[in-house]
Every structure is written in C-alpha cells, then in structure tokens.
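Report on the following structure.
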Amino acid sequence: MSMRMSEISYAYGSVMALDDVSFELAPGVTALLGVNGAGKSTLLSVGAGLLAPRTGTAMVSSRSLFARRERKEALRSIAFMPQQVTFPSVLTARDVVAYSGWLKGMSGGRADRRARECLVAVGLEEKMDRKCADLSGGMIRRVALAQALVSEPEVLLLDEPSTGLDPEQRRGMVELIRGLPGTVLMSSHVVEDVADLAETVLILDEGRLVFNGTMDQLVSGLPDNGRRSPVEAGFLRAIGRKAGA
Amino acid sequence: MRPYITWLRRGTGRFLAPVLLGFLLMALFSQPDWMIELDWATRLTAASVLVVSPAVAAVAAFDTSRRLRPTLTLLGRGSVRKPWHIAFPSLAVVTWAVVAYLLTWLVAAAVVSINDGIGIHDWWVFPEVVAPLVGAGSIGLFAGMVAGPRLAPPAAVMTVLAALVCAAPWGRGPFEAVTTYGTLTGLQRPPVRAVAVVVGVLVLALAVATAAVESNRPAGARSAVLGLCAGVAAVATVLPSAWPWKVEIYDVTDEAYGCVGSAPAVCGPRSRLPLLPPVQASLAEAYTQLAGTEFIRPTAFRVTRLDHYAHLDGAAPLDFDPADVHNDRYDNDAVARALVRPHQCSELFVASSAEPLLQAQDVVIPWLLQVLAGETAATPVPDDVSLAFARIQNCRPMTGDLR
C-alpha cells in the first residue's frame with residue numbers, strides 16, 4: 001500500500017470541497033478525473049500534506065500524514081507537482097529543484113546533485129542554469145515535475161501536469177510520466193493522456209468519489225462511436241449515474 | 001542552510017546593499033567631526049537605522065510576497081524541515097543590510113586610524129543596529145506572508161513606522177538606535193538600557209516571525225497563537241521605552257583619569273588621552289601669549305560632561321569636543337571658551353544671575369580671539385575686558401553635580 005485516504009472531508013468555509021472520500025492507491029498511474037470544482041486539487045493538496053482535512057486520515061507508507069510523530073516520515077515519501085506554479089523569477093531551474101530537495105530533507109550537496117539529474121531526466125540539461133524568468137511555460141512545467149522527482153518519492157501527486165502545454169509538449173510530458181517509477185496519482189482534463197497512462201481511475205463529482213476502478217471497468221459496455229472517446233464516455237456515465245441515482 | 005545562501009545570491013538584498021552603503025557613507029562623510037573618534041562615527045551611522053529599517057522591511061516583504069509566495073510557501077507546507085525556512089529571504093535581506101553597515105564601519109575605522117584617533121569603546125552600538133534590522137526583516141516577512149505582492153512592501157513600512165509612533169510617548173522606539181551627535185569623551189553608557197532595547201526588539205522580531213510561520217501552517221493559523229504573538233509584539237515595542245528606568249542612557253564615565261603636559265595640565269579619561277596633546281599645546285601657547293596679564297591661568301583643566309563638577313579639585317572645567325581640533329591645533333574659539341571658565345560658575349544655572357556672567361563672557365571672548373590670532377597685543381588689557389573677567393573670576397564656583 002502506498003497511499004490510503006479514509007473518509008477525508010475538507011471544507012472551504014461552508015463549502016464542502018471533499019465529502020467522505022476514501023480510496024487506496026495501487027502502484028502505477030492512477031488518474032483523478034472530475035469537472036472544474038470537483039475537488040481534485042483539494043484532494044491532491046490533502047494527499048501532499050499541504051491541507052489538513054476536517055475529518056479522515058491519510059496514510060502514506062503506513063504512516064499518518066497528519067499525526068505529529070509520523071508526519072515527517074510520511075512527507076518524505078510523497079511529492080507534489082502543483083497545477084499553478086510561480087517559481088521565483090530570479091532563481092534558476094537548478095536552484096528551484098535543489099530547493100525542493102532541501103525541503104524534503106536532503107542535504108544541500110545531495111539536493112544539488114539530484115536536481116541536476118532530474119533536470120536532465122526532464123530534458124532541461126541545457127537550461128538548468130537559466131533563471132525561471134527566462135524559461136517558457138512548457139519548461140516551467142518540466143521544472144515543476146523535476147522538483148517533485150528530486151526526493152525520489154514513493155508517491156507522486158501531479159495536479160494537471162499538462163496544463164498550458166501545446167500538443168507536442170503534452171506528448172513529451174506524457175512520456176515523462178509514463179517512465180516514472182512508484183505510485184503516481186495525476187489529475188487531468190485531457191482524456192487522451194488519461195487513456196494513455198492510467199491503469200486505475202478515480203472520479204470526483206462535487207467532492208464525492210463517484211468512481212474507483214480500472215480503466216477497463218470505466219469503459220466497459222460503452223460503444224466506440226468515433227465521436228467521443230470511451231474514456232470520456234465512461235467519465236460522463238460515472239457522473240451521470242451519480243446524478244440519476 | 002543552502003536555500004539561505006541561494007537567497008543571498010539571488011534575492012533583492014544584494015541590490016539593497018550597495019545603495020545602503022552609498023547612503024551610509026554619504027551620511028558619514030557629510031560631516032567630518034568624527035574622524036578622530038570611532039565611537040562618534042558608529043553612533044552617527046547608527047542614527048540612520050530610523051530610515052534604513054523601513055527600507056529593509058519593504059525589501060523583505062517584496063521578496064517574501066513576490067518570490068517566495070505562492071509556490072515555494074505552498075511546497076514548504078509539505079516540507080520535513082522546520083517551518084522557519086520561510087524566513088530565509090528576509091534573513092538574506094537583513095544580512096545584506098548588516099554587511100553594508102559593517103563595511104561603513106570598516107571605512108570609518110580606517111579613517112580614524114589614519115588620523116591617529118580613538119578606537120571603539122561603546123560596543124553596544126553593534127547589537128543596537130543589528131537588532132532593529134532583524135526586527136524590520138521579521139515585519140517584512142509577516143507582511144509578505146499575509147499581504148499581496150503590491151500591498152506587502154508599503155504595509156511593512158507602515159508597520160515599522162507605527163511601532164515608532166507607539167513607543168514615541170516614552171522616548172526611543174524599537175527601530176531607533178541610541179545616537180549622539182558628538183563626542184563620547186567623558187561619558188559611558190550603562191548597558192542595562194541597551195540590553196533592554198536589544199532584547200525588546202529581538203522579542204518583537206521573534207513574535208512577528210512566529211506569526212508569519214503560523215500563517216503558513218497546513219491546518220490554518222491558530223487565532224490564539226496569532227493573538228499571543230500580537231500581544232507580545234506590542235509589549236516588546238513599548239516596554240523598553242516605557243519602563244521607569246532609574247539609570248540614564250548616558251552617564252559620566254567612571255574611567256580613571258590621566259593628564260598630559262603641564263602649565264596647564266589637561267586631564268581626561270585615560271582612553272581619550274591621545275586626543276588631548278593638541279589641546280594642551282594650544283592652551284600652553286595661549287598662556288605664553290597672555291603672560292603679563294592678570295588673567296588667571298589654571299594649572300590644570302579637566303574634561304567634564306553632563307554638568308558633573310564634583311571632581312574638579314581646583315582644576316578648570318573643559319568642555320572638550322574633538323571636532324574643535326584641526327591640524328593638531330585646538331581651535332582658538334575653544335581655547336577662548338576654556339579660558340573664560342577658570343571655574344564653573346554656579347550663577348550660570350540660575351536664570352536671573354546667568355545673564356550678567358554671560359554678558360561678561362561675551363566681552364572677554366572677542367578680545368581673547370584677537371590676542372590668540374595675533375591681531376592685538378595682550379597688554380595692556382582693556383578696562384572693560386578686565387572688569388568682565390573680574391566678574392567671572394569672582395563668581396561662586398560649582399563644586400558638585402547638577403543632577
């Protein structure tokens with residue numbers, strides 16, 4: 001078991017963003033789908049230890065993310081790639097990634113070495129000493145991925161990793177994610193990416209988990225009518241089923 | 001500590017430092033009187049803390065709000081490190097500001113050394129400058145964490161100024177260093193008040209920084225903690241000034257005195273003796289010029305400060321200011337002022353009786369200046385000058401302390 005969330009609830013004021021969400025991540029890539037405002041980013045933030053849930057528990061590598069004594073070790077095992085990224089314009093790509101490694105407990109020297117390795121892995125070898133202000137949007141996304149990889153986490157949480165990327169860049173990002181070891185939970189709007197990568201799917205609708213299963217289960221019984229992908233159809237069916245229940 | 005080094009190298013503080021250095025050097029060299037006394041130079045630059053603190057707070061707020069936030073603070077919530085790493089950008093700004101002051105003091109020390117001046121004796125100036133900068137940095141950190149990028153720098157500046165205003169009714173606030181605009185010869189500073197001010201500012205800094213760190217917790221800021229931080233910060237701002245101190249900021253030195261020369265001897269604190277030979281030489285020369293006149297020429301002068309006359313022991317009081325020494329000579333103005341005070345007259349401290357004595361001095365001094373400049377002979381002494389000086393010589397000598 002890499003990550004298990006049990007009965008997680010989170011609210012922004014009086015607005016319930018997550019309502020009694022429970023699941024267990026298996027190794028490999030799990031896609032997290034949902035319409036805008038469904039609670040995907042909130043769920044990922046809770047899973048990354050950035051937001052404390054109102055109720056419920058989050059376990060990573062059998063350690064509780066929000067229990068005082070276990071939190072530190074649990075945090076070492078996870079890493080997060082935010083959807084909206086604004087890195088300091090004056091820091092270089094290597095500065096940012098090494099910074100992230102240091103935040104995860106790595107020594108300065110080791111963080112620097114791993115930063116170099118991760119930036120090479122995401123195809124930014126030539127750009128690693130450029131300031132973030134001088135990097136394109138696609139490069140910034142790859143820096144965001146690199147900073148998540150630097151600490152060699154067991155569980156990787158990626159929030160809309162393809163956001164803002166053109167089709168070619170998106171393809172490149174998909175290939176990078178495909179090659180990642182360990183457990184990955186990624187949210188996405190891009191159905192093709194999900195179909196390509198994920199073996200397991202979670203679907204959130206209005207803060208509730210309405211589907212938790214394999215890709216085959218999601219698309220089973222759906223005709224391929226050529227106009228809409230089976231994954232998209234399965235997604236719509238999942239949230240429609242909930243609406244009709 | 002690697003991120004701290006990163007912020008030192010990349011943050012805005014590295015641009016602040018040269019600007020600050022230029023400003024401090026300009027302030028220092030705007031007047032030359034400190035060049036034989038390093039204590040004077042350090043205190044002169046310490047006065048700038050009042051202006052520099054808001055600038056440090058603004059730059060720290062800028063780096064925190066515009067650079068650290070939002071992504072690095074977000075990622076920082078999931079960090080295994082202690083949450084104080086969010087203070088690194090502010091700490092880097094403070095470091096650069098301290099570097100600017102250190103470089104300025106090094107320049108001042110070099111100038112004083114070249115002029116064979118007196119080295120530092122009041123070491124409290126260093127924490128008194130550094131502590132407000134740390135406090136300003138913490139205010140910048142807090143403003144940067146809670147306010148948007150456009151609002152954070154001005155909010156930080158306003159907070160620093162507000163702290164000054166809050167403490168003003170009782171005197172010196174947390175972002176002011178003790179300043180003098182003159183020599184510390186004959187004075188010393190009881191450390192207790194300096195310690196209180198430094199500790200107060202550092203407590204303020206810790207409270208404000210704690211509130212900033214608390215604002216970035218995954219569970220959200222606990223209002224009880226924030227309230228406590230606000231209370232501690234408020235008390236720390238006001239208490240060192242408002243406390244009913246029984247000691248003054250400066251006091252007469254208890255350092256042993258020594259003397260240089262004779263006819264007259266000039267006596268002062270031992271650490272300041274190297275400054276006195278030009279004074280002694282100029283007074284001795286004046287004595288030679290006044291030979292044959294009825295002017296009392298005291299056998300000794302003794303540096304006095306803060307109207308402390310208890311230990312004159314027959315010596316004349318000397319209101320010594322190193323700024324009155326130029327080209328190894330004590331200015332004629334200063335010589336004349338010393339010569340018209342063979343003893344300190346107690347009448348000068350009573351409004352009704354001071355005026356005649358002051359008028360008498362006003363008659364004697366111009367004549368003395370002409371004699372010292374060689375423009376007129378010392379003898380015969382004009383009648384009005386003789387009468388005036390007789391009035392001065394016959395006043396009631398002060399033999400104790402005024403306060």
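So you know, we letter chains A, B, ... as the sequences are listed, proteins then strands, and number each from 1. Just so you know, these numbers use all the heavy atoms, side chains as well, and skip hydrogens, waters and symmetry mates.
In this structure, B:M158 places its CE atom where only 12 or fewer heavy-atom neighbours from other residues, nucleotides or ligands lie under 6.0 Å away. Remark: A:E7 CD is loosely packed, at most 12 non-hydrogen atoms of other residues, nucleotides or ligands lying under 6.0 Å away.
With sequence neighbours excluded, the residues forming a side chain to side chain contact (heavy atoms under 4.5 Å, CB included) with B:L228 are B:V232, listed by chain and number. Shown here are the side chain to side chain contact (heavy atoms under 4.5 Å, CB included) partners of B:V235, two or more places apart in sequence or in another chain: B:L239. Partners of B:A156 under the side chain to side chain contact (heavy atoms under 4.5 Å, CB included) rule, at least two apart in sequence or in another chain, are B:A57, B:A61, B:I139, B:A143.
Within the 4.5 angstrom heavy-atom criterion, only backbone atoms of A:M106 (N, CA, C, O) approach chain B.
In this structure, B:L75 and A:P82 approach most closely via the heavy-atom pair CD2-CG, 4.1 Å.
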Report every donor-acceptor pair between chain A and chain B with a separation under 3.5 Å, backbone and side chains included.
residue: A:A52; atom: N; partner: B:P218; partner atom: O; Å: 3.4
residue: A:R71; atom: NH2; partner: B:R77; partner atom: O; Å: 2.9
residue: A:T86; atom: N; partner: B:T71; partner atom: OG1; Å: 2.6
residue: A:T86; atom: O; partner: B:T71; partner atom: OG1; Å: 3.2
residue: A:D95; atom: OD2; partner: B:R10; partner atom: NE; Å: 2.6
residue: A:D95; atom: OD2; partner: B:R10; partner atom: NH2; Å: 3.1
residue: A:Y99; atom: OH; partner: B:W7; partner atom: NE1; Å: 3.2
residue: A:W102; atom: O; partner: B:R81; partner atom: NE; Å: 2.6
residue: A:W102; atom: O; partner: B:R81; partner atom: NH2; Å: 3.4
residue: A:L103; atom: O; partner: B:S79; partner atom: OG; Å: 2.6
residue: A:L103; atom: O; partner: B:V80; partner atom: N; Å: 2.9
residue: A:K104; atom: NZ; partner: B:G78; partner atom: O; Å: 3.0
residue: A:M106; atom: O; partner: B:R81; partner atom: NH2; Å: 2.6

